[in-house]
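In each ligand, atom 1 is the first atom listed, and ligand 1 is the first ligand listed.
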Amino acid sequence: MWRKLLFVCALLWGGSDALSLSHAPWEQDVEDAMDVQKSPCENFHEHACGNWHAPYGLRALGAHDMRSRLRALNKQLFVRHFEASNSGSGSGNGNGLPEGEQELHSLYDSCMNGRQALHVYMDAVQRVLPDWPLLNNATQFSWSRGSAAVRRFGAHGLWRLLVQQNWQAGEQQVFYVLPPSFELIGRSDMSRFLYRRYLKYLLLELGLRVRRAADLAEQLSAFEEQLQQLLPAAQDSAEALVLHAPQTLQQLHTQFPQLQLLEYFQLLLGDEFTPQLLLVADTEYLQRLPRLLETTDPLIVSSWLLLQLPAHFELHLHEDLSLAAQREQCLQQLNRLMPQQLSQLLLRLLHGSDAAAAAFYSRTQHELQQVFDRLKLQFERLMNDTYIFELDATSQAQALHKVRAMRLLLPQVQPVRQQSQQQLQPALSYDAKLLQLSQAQSLQQFRLALSCLQLPCDTSVSASTGPSLGSLDVNVYYRLKLNAIELPLGLLRAPLLHNSVAPSNFHQVARLYGGLGFMIAHEMVHGFDYVGIHYDAAGHLAAEDWPARTIIRFGVRSQCYLNYRYSNATVMINENMADSEGLRLAFSAYREQLAQQQLNSTALGSFFVAFAQNWCGHSAAVGTAAPSSGQQQQHPAHWERVNNVLGNFAEFAEAFDCRAGSLMNPPDKCRMW
Ligand SMILES: *[C@@H]1O[C@H](CO)[C@@H](O)[C@H](O)[C@H]1NC(C)=O
Ligand SMILES: *[C@@H]1O[C@H](CO)[C@@H](O)[C@H](O)[C@H]1NC(C)=O
Ligand SMILES: *[C@@H]1O[C@H](CO)[C@@H](O)[C@H](O)[C@H]1NC(C)=O
Ligand SMILES: *[C@@H]1O[C@H](CO)[C@@H](O)[C@H](O)[C@H]1NC(C)=O
């Protein structure tokens, strides 16, 4: 055993300079996480991660594995910052605070302390549309104008209106008109009961008598259940997008005149309104909607719409939350409504000053772009040689083109001079701030979609309005329709990246390629998984699929990922391919980097440790609740993932001297490319 111990130490600290330096805290972490008693050839996940655990304070912030720990660390920084600088001062006038930070403080403080008031929402919506039967006995009510009135503040009405990439052409932003998401009412008896109670509570707050509030709440939730039933059964998950081709507003209006979509968009967009704007609509839902609305009492429809506004902001819901949950909710609000300012603050907190943050960020951009270019080159080499394209030069050329065209999208962190947002007055109530910020955000999205009607969209701008780039996000994405990989800001910190780079330190190089390099490579391979192969270099649905013989060869190679080592293999084949093939790209790129820097290539083992330590801890499914992102993951458990991937690498078995047939060195090694 001592020999193994020595070997591991050499792996981690080998090289004379590294030994003479005092250990950086993150390097100590690497060592602390390992369980060197566990043989690397039996269970490498346990070997690399056996002693890893999230400290108590971070577990309370949702840390259960490596990535969720990063998110929790970011949250902890924010909470400490807001709550420390808050004490004593009545959130003064922000003298000396950098741009945007005063607003963050002000929103966080009022979120944590604020008493909320329903009338602020009612007053705001009445300024847009005065006539609501519930509020002022109005007898006339237009439900499309009512839907538009709540949508101006970011809430959704009888349909959800989103601005997203056109599913056929990623560089274009278009409006999507979809069924409501029914998140609050849900589908269980319990969620319905809670929702009815919530509505009743809002109605009481509006001044209704108890019995009347209870009756009305009952009717409103019954109405929403009827709306739910308009969804085709197969589309039970409201997230399923219906992919009709985009059409103009004018065309859709002609098809569904009762929906009064022209009025709806006119109220939303004002002067910028044009019947030429492009929409992707769930026409099945829209077709069924008018009949239901015509047979429903206008008081019910209008009251339901009215209450969607406070419900969207979860008004009052946090009264019974624990302090931890309240902090979580307030941070989520900041992340949702002021993502750019929050990202800037994260960098400032991590690096001490704006100047240091800017220096770090530009170095990081450069470094990651280099890694990315090297990964692309590796992928290109594999595609040049692969058996899969042996008889199909056309598909091969298209695949090469696609790899070359892939882009790496890094979060935008330049300060957003508040062009579209008016200053937030500190004196405003929390509710008024929420409404103002959310309205500004909606307007910005609408403008983006409108501007893309004439000009090609600036996708760097449009990507930055996406949900994934915030400082609380730690997932990496491959955007199929942009053919681009998107990295969130939450990951761009220690231990994945370092403040001070010592390029001669091969541990840092190993961490860079085994960590972020692997994550980027994993996403690149998604461009060529069973979904990705149907999309071309521009992210459009490919005009023609690969010829049968190429598909068959692809299938022959991928079949290995269905073998006995993989549980739920058919469901997870895309992920398993992306893991192993991605690690191969990262590994080749790492080796090339070592060679270029003339670093000692006996250091290969530290690359595999760095990779495995991306997956310390357990996935969210076990124990803790899933993070609020709500993303349903089809990934294998962390230990299975690490061990299965490494089992595919002869280089791994060699580096750790695992005999043939040991658990980490199985005979059937999968390799696609
Ligand atoms: C609505 O009408 C009822 C009875 O007709 C009246 O008592 C009530 O004050 C009116 N409410 C408003 C807001 O005008
Ligand atoms: C792959 O093949 C193409 C076409 O033959 C060639 O232009 C390209 O340089 C090759 N790429 C690599 C990385 O070898
Ligand atoms: C396989 O997938 C199904 C559905 O996705 C899930 O319910 C089940 O727990 C999975 N089984 C294993 C062993 O992961
Ligand atoms: C690389 O490191 C190993 C062990 O640390 C040492 O035995 C070997 O001589 C080194 N090779 C080079 C080329 O420096």
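- Partners of L480 by side-chain contact (heavy atoms from CB on, under 4.5 Å), not counting sequence neighbours, listed by chain and number: Y478, V531, Y535.
- Judged by distance alone, with hydrogens and angles left aside, the side-chain atoms of D392 form no donor-acceptor pair with the main-chain N or O of R549 at under 3.5 Å.
- Both the sub-6.0 Å distance and the 45° axial angle are satisfied by R479 relative to the ring of Y477.
- Residues passing the side-chain contact (heavy atoms from CB on, under 4.5 Å) test with N563, sequence neighbours excluded: C560, R565, Y566, D668, C670.
- Residues lining ligand 2 at a heavy-atom distance below 4.0 Å are given as L377, E380, R381, N384, R404, ordered by chain and residue number.
- A donor-acceptor pair under 3.5 Å is formed between the side chain of Q613 and the backbone N or O of A48.
- The salt bridge (charged side-chain N to carboxylate O under 4.0 Å, His left out) test applied to E390 returns R553, not counting sequence neighbours.
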